[in-house]
Amino acid sequence: MPEDMYEVASQLGKAIRESEEFAALKEKYDELLKDDIARKIFDDFRVLQMRLQEKQMMGQPVSDAELMDAQKFALQVQQNEKILSLIEAEQRMGTVMNEINEIFMKPLAELYKILE
């Protein structure tokens, strides 16, 4: 039985790679990589986001300087069409992944609902 699940998961991975949403995301990411300025802004913004998330997860305060950096990067992101296009494509792909997650987690959700 587990082999069947792994095969289905493999097929799902292939279907995701072949989806319009994934193709659009890849196209937008490739476009971003060709633009050194957009790529630097995006990379720096991502590093800052991860650092702020880590601090929040550890219960550490975010400094005023970090907040100002975040605002600065957010403004740069909003003004860069390639980054905005990539973020929109990421959001569409994220929606698809959330819907898929709901589908394959449904059996467990139903099981635990029975146990309530």
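Residue numbers count from 1 along this sequence.
- Take Asn101 and apply the side chain to side chain contact (heavy atoms under 4.5 Å, CB included) test, not counting sequence neighbours, and it matches Phe104, Met105.
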In residues 16-28, what donor-acceptor pairs under 3.5 Å come from side-chain atoms, sequence neighbours left out?
unit_1: Arg17; atom_1: NH1; unit_2: Gly13; atom_2: O; d: 3.2
unit_1: Ser19; atom_1: OG; unit_2: Ile16; atom_2: O; d: 2.7
unit_1: Ser19; atom_1: OG; unit_2: Phe22; atom_2: N; d: 3.1
unit_1: Lys26; atom_1: NZ; unit_2: Asp30; atom_2: OD2; d: 3.0

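- A search for side chain to side chain donor-acceptor pair (under 3.5 Å) contacts involving Arg92 returns nothing, not counting sequence neighbours.
- A single hydrophobic cluster is not seen to contain both Phe45 and Val47; linkage of ILVMFWY side chains at heavy-atom distances under 4.5 Å, directly or through other members, places them apart.
- Atom-to-atom distance recorded for Gln60:CD and Arg51:CZ is 11.5 Å, nearest 0.5 angstrom.
- The hydrophobic clustering, which links ILVMFWY residues whose side-chain heavy atoms are closer than 4.5 Å, places Val8 and Ile100 apart.
- Residue Leu12 is grouped with residue Leu108 when hydrophobic side chains (ILVMFWY) are merged at heavy-atom distances under 4.5 angstrom, including chains of intermediate members.
- Atom CG of Leu33 is surrounded by more than 12 heavy atoms from other residues, nucleotides or ligands within 6.0 Å.
- In summary, the side chains of Gln53 and Gln49 do not present any donor paired with an acceptor at a separation below 3.5 Å, with no hydrogens or angles considered.
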Could you give the side-chain donor-acceptor pairs of residues 69-84 under 3.5 Å, partners two or more places apart or in another chain?
unit_1: Asn80; atom_1: OD1; unit_2: Lys82; atom_2: N; d: 3.0
unit_1: Asn80; atom_1: OD1; unit_2: Ile83; atom_2: N; d: 3.1
unit_1: Glu81; atom_1: OE2; unit_2: Ser85; atom_2: OG; d: 3.4
unit_1: Lys82; atom_1: NZ; unit_2: Asp35; atom_2: OD2; d: 3.3

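- Screening residues 94-105 for salt bridge (Lys or Arg N to Asp or Glu O under 4.0 Å), with sequence neighbours left out, gives no hits.
- A continuous path of hydrophobic side-chain contacts links Ile87 to Met97 [ILVMFWY only; heavy atoms under 4.5 Å].
- Counting heavy atoms of neighbouring residues, nucleotides and ligands inside a 6.0 Å radius, atom CE of Met57 does not exceed 12 of them.
- Using a 4.0 Å cut-off between a side-chain N of Lys or Arg and a carboxylate O of Asp or Glu, Lys40 and Asp44 qualify as a salt bridge.
- At a threshold of 4.0 Å, the pair Arg46-Asp43 counts as salt-bridged, since one of the basic side-chain nitrogens sits closer than that to a carboxylate oxygen.
- Partners of Glu66 under the side chain to side chain donor-acceptor pair (under 3.5 Å) rule, at least two apart in sequence or in another chain, are Lys55, Ser63.
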